[in-house]
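Worksheet for the structure shown next.
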2 protein chains.
Amino acid sequence: MTLNVVSVTVDLVLLTIRQAALQVLLIRRGIPPYPDRWALPGGFVLPGEDLGEAAARELREETGLDPQHGHFEQLATYGTPGRDPRGRVVTVAYLALLPDLPSPVPGSDAAGAAWRPAAEITPGELAFDHDRILADGLERARAKLEYTPLATAFCPPEFTVADLRAVYETVWRTRLDPRNFHRKVTGAEGFIEPTGGTVIRDRGRPAQLFRRGPATLLHPPLLRQPAPQAQSSRVGGTSRSSDL
Amino acid sequence: MTLNVVSVTVDLVLLTIRQAALQVLLIRRGIPPYPDRWALPGGFVLPGEDLGEAAARELREETGLDPQHGHFEQLATYGTPGRDPRGRVVTVAYLALLPDLPSPVPGSDAAGAAWRPAAEITPGELAFDHDRILADGLERARAKLEYTPLATAFCPPEFTVADLRAVYETVWRTRLDPRNFHRKVTGAEGFIEPTGGTVIRDRGRPAQLFRRGPATLLHPPLLRQPAPQAQSSRVGGTSRSSDL
DNA sequence: GTAATAGTGTCTATGAGACATTATTGA
DNA sequence: TCAATAATGTCTCATAGACACTATTAC
């Protein structure tokens with residue numbers, strides 16, 4: 001049995017909410033292949049380095065943040081022959097949900113890095129198969145907001161219920177009733193905890209401040225579909241057969 | 001930038017229900033490393049072969065089945081340095097849910113292959129890091145039964161409601177009320193469709209036969225926890241931060 | 001007949017969305 | 001005062017689980 005020689009990279013889908021839009025960090029490539037094209041940040045896994053470590057290192061290099069500042073998980077692995085013209089490259093994609101960064105993205109080794117609204121990325125715009133990786137990451141993020149308290153990963157350490165609602169509305173591209181939303185998130189045990197403080201955003205009654213709670217699963221879940229009587233509508237992120 | 005040279009393998013978590021138990025296909029290793037130890041079936045990805053193709057090829061070699069016979073999806077990727085004493089090996093794990101096979105498992109290049117009850121695998125029994133891969137696969141399977149119609153992947157083309165209920169009870173290790181279960185699965189649109197036929201298992205009223213429907217997502221989902229008033233109890237398969 | 005399994009109906013509690021109402025601030 | 005936002009309460013409908021009841025078979 002001969003060992004098959006392959007290069008392994010990690011690619012990052014870094015999502016945040018800036019200017020009331022779901023944005024993704026993209027790198028403008030300076031060198032071939034795909035010069036001057038936008039791509040997901042990423043790089044080769046170093047010898048002796050674990051996959052998650054390599055992804056965390058890239059995260060730090062691109063944003064200065066540690067994985068603990070938001071949510072960080074493995075997304076999927078892509079290895080179709082020919083996906084990289086330089087040779088056989090298998091990439092392990094990671095997904096991170098991050099709070100809005102106070103500081104701008106520092107320049108890296110690429111020609112430029114920028115947060116771009118996810119809705120504005122046109123199909124075929126990204127290098128390699130990064131369109132698909134990004135699409136998988138977005139779907140994973142949307143699905144996870146339903147069953148997990150991960151929406152808080154987009155928020156700063158202290159946030160209001162309205163802040164949290166804005167996360168859901170932005171990621172799902174829907175409107176949610178503020179009163180029912182408030183009742184649901186404050187009623188879901190372990191989701192958010194009051195800090196005791198309040199804040200006044202513009203005008204209106206001061207809002208309580210919360211921090212994320214200890215729950216890792218939402219009971220009951222918040223549901224995307226307004227009227228849950230649909231049938232086989234959407235294809236979930238990993239629910240198709242014969243997945244790559 | 002130097003290309004990091006790595007070997008890439010695929011490993012398979014093949015699950016089925018046999019003798020009223022959730023069973024996993026294991027291979028008895030004949031050669032080092034880990035001689036005489038049980039391991040998940042797998043092998044190296046061939047040059048020019050896509051990851052999913054390699055996994056499907058291994059599935060055919062081990063069971064004679066195609067991915068369409070059940071459910072087949074990518075699980076996760078594991079690449080911790082030292083996980084394989086032969087060198088840097090990154091493995092992409094796939095999960096398959098299969099119906100009970102009428103024919104026994106044909107012998108492969110390994111010393112032996114056998115279906116083993118998943119509950120009987122003791123921690124540390126499997127070679128490499130296959131304990132963890134198996135645990136991740138089991139948790140993924142359990143979670144997916146809630147939100148998707150994948151339980152039908154464990155069933156033959158035609159099955160009864162009681163057959164389907166047995167799948168849930170076996171995978172979740174719980175008892176479900178037959179009457180409520182019947183109402184829920186027949187009420188979930190696109191989950192199962194009556195074929196018109198009936199069958200008598202032992203004695204009792206004949207049961208209608210069903211086939212899987214077109215739905216890819218269950219509305220409403222079937223829930224595992226009997227009394228959904230718990231809080232941060234279970235850690236979902238991919239919901240922890242800083243995932244590998 | 002009895003036992004066993006399949007399938008339907010009914011009851012109650014809970015959570016959903018819709019929406020009124022009160023509370024607290026700035027202008 | 002008014003406008004705006006925060007927070008709570010009420011109403012109705014759908015679905016959950018518990019469980020009674022009927023249907024159809026083997027023995």
Side-chain angles (χ1 to χ4, degrees), chain A residues 20 145-147 155 158-169 172 174-210 215 217-231, chain B residues 20 145-147 155 158-169 172 174-189 191-210 217-231:
Chain A
L145 290 206
E146 290 190 307
Y147 308 111
C155 296
E158 298 201 350
F159 52 88
T160 68
V161 173
D163 295 336
L164 190 62
R165 178 165 48 86
V167 169
Y168 280 91
E169 292 183 335
W172 286 349
T174 43
R175 289 284 123 188
L176 299 173
D177 185 282
R179 300 157 293 187
N180 293 333
F181 183 84
H182 190 283
R183 187 163 31 80
K184 281 162 80 165
V185 296
T186 53
E189 278 190 271
F191 188 8
I192 57 175
E193 298 174 336
T195 67
T198 59
V199 69
I200 301 170
R201 285 281 188 255
D202 188 21
R203 40 175 190 262
R205 175 174 170 176
Q208 284 181 265
L209 284 171
F210 293 86
L217 220 52
L218 276 192
H219 279 297
L222 279 81
L223 295 179
R224 255 185 288 189
Q225 48 278 11
Q229 59 196 18
Q231 54 160 342
Chain B
L145 290 206
E146 291 189 307
Y147 308 110
C155 296
E158 298 201 350
F159 52 88
T160 68
V161 173
D163 295 335
L164 190 62
R165 180 165 48 86
V167 169
Y168 281 91
E169 292 182 335
W172 286 348
T174 44
R175 291 282 124 188
L176 299 173
D177 185 283
R179 300 157 292 185
N180 293 333
F181 182 84
H182 190 284
R183 185 163 33 80
K184 281 162 82 165
V185 297
T186 54
E189 278 189 272
F191 189 8
I192 58 176
E193 297 174 336
T195 67
T198 58
V199 69
I200 302 171
R201 286 280 187 253
D202 186 23
R203 47 175 185 262
R205 176 174 169 174
Q208 284 181 267
L209 285 171
F210 293 85
L217 221 50
L218 276 193
H219 279 297
L222 280 81
L223 295 180
R224 255 186 287 189
Q225 47 277 16
Q229 60 195 20
Q231 54 160 344

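So that the names make sense, note that chain A is the first sequence line, chain B the second, and so on, each numbered from 1.
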Residue pair A:Arg165, A:Val185: steps toward the side chain to side chain contact (heavy atoms under 4.5 Å, CB included) verdict: CA-CA 9 Å; A:Arg165 178 165 48 86; A:Val185 296; over 6 Å; no

[X] side, atom [atom1]; [Y] side, atom [atom2] - distance, nearest 0.5 Å:
X: A:Phe210; Y: A:Leu164; atom1: CZ; atom2: CG; result: 9.5 Å
X: A:Glu169; Y: A:Phe181; atom1: CD; atom2: CZ; result: 8.0 Å
X: A:Glu158; Y: A:Ile192; atom1: CD; atom2: CD1; result: 12.0 Å

Roughly, in whole Å, what's the span from [atom1] in [X] to [atom2] in [N]?
X: A:Arg183; N: C:dA20; atom1: CZ; atom2: P; result: 15 Å
X: A:Glu146; N: C:dA16; atom1: CD; atom2: P; result: 13 Å
X: A:Phe181; N: C:dA18; atom1: CZ; atom2: C1'; result: 17 Å
X: B:Phe159; N: C:dA6; atom1: CZ; atom2: C1'; result: 16 Å
X: A:Asp202; N: C:dT25; atom1: CG; atom2: C1'; result: 10 Å
X: A:Arg175; N: C:dG17; atom1: CZ; atom2: P; result: 16 Å

More 5' along DNA chain D: A:Gly204 or B:Arg205, using each one's nearest nucleotide?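 This one resolves to A:Gly204.
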
So what does B:Arg201 hit on the nucleic acid, given a heavy-atom distance under 4.0 Å: a base, only sugar-phosphate, or nothing?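 No contact.
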
Among [options], which nucleotide has an atom closest to any side-chain atom of [X]?
X: A:Arg203; options: D:dA7, D:dT25, D:dA3; value: D:dA3
X: A:Ala162; options: D:dT24, D:dA6, C:dT25; value: D:dA6
X: A:Asp177; options: C:dC19, C:dT24, D:dA23; value: C:dC19
X: A:Arg179; options: C:dT5, D:dT10, C:dA20; value: C:dA20
X: B:Asn180; options: D:dA18, D:dA6, D:dT24; value: D:dA18
X: B:Ala207; options: D:dA7, C:dG7, D:dT24; value: C:dG7

Locate the shortest heavy-atom distance separating B:Leu222 from B:Lys184; write the atom from each residue and the value.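 Residues B:Leu222 and B:Lys184, closest heavy atoms: CG-CE, 4.3 Å.
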
Would you indicate, yes or no, if D:dA6 has its OP1 or OP2 atom less than 4.0 angstrom from a side-chain nitrogen or oxygen of A:His182?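 A:His182 to D:dA6 OP1/OP2: no side-chain N or O under 4.0 Å.
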
Between C:dA6 and B:Gln208, is there an OP1 or OP2 to side-chain N/O distance shorter than 4.0 Å?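 Result: no.
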
Residue whose closest nucleotide on DNA chain C lies nearer the 5' end, A:Pro206 versus A:Lys184: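 Nearer the 5' end of the strand: A:Lys184.
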
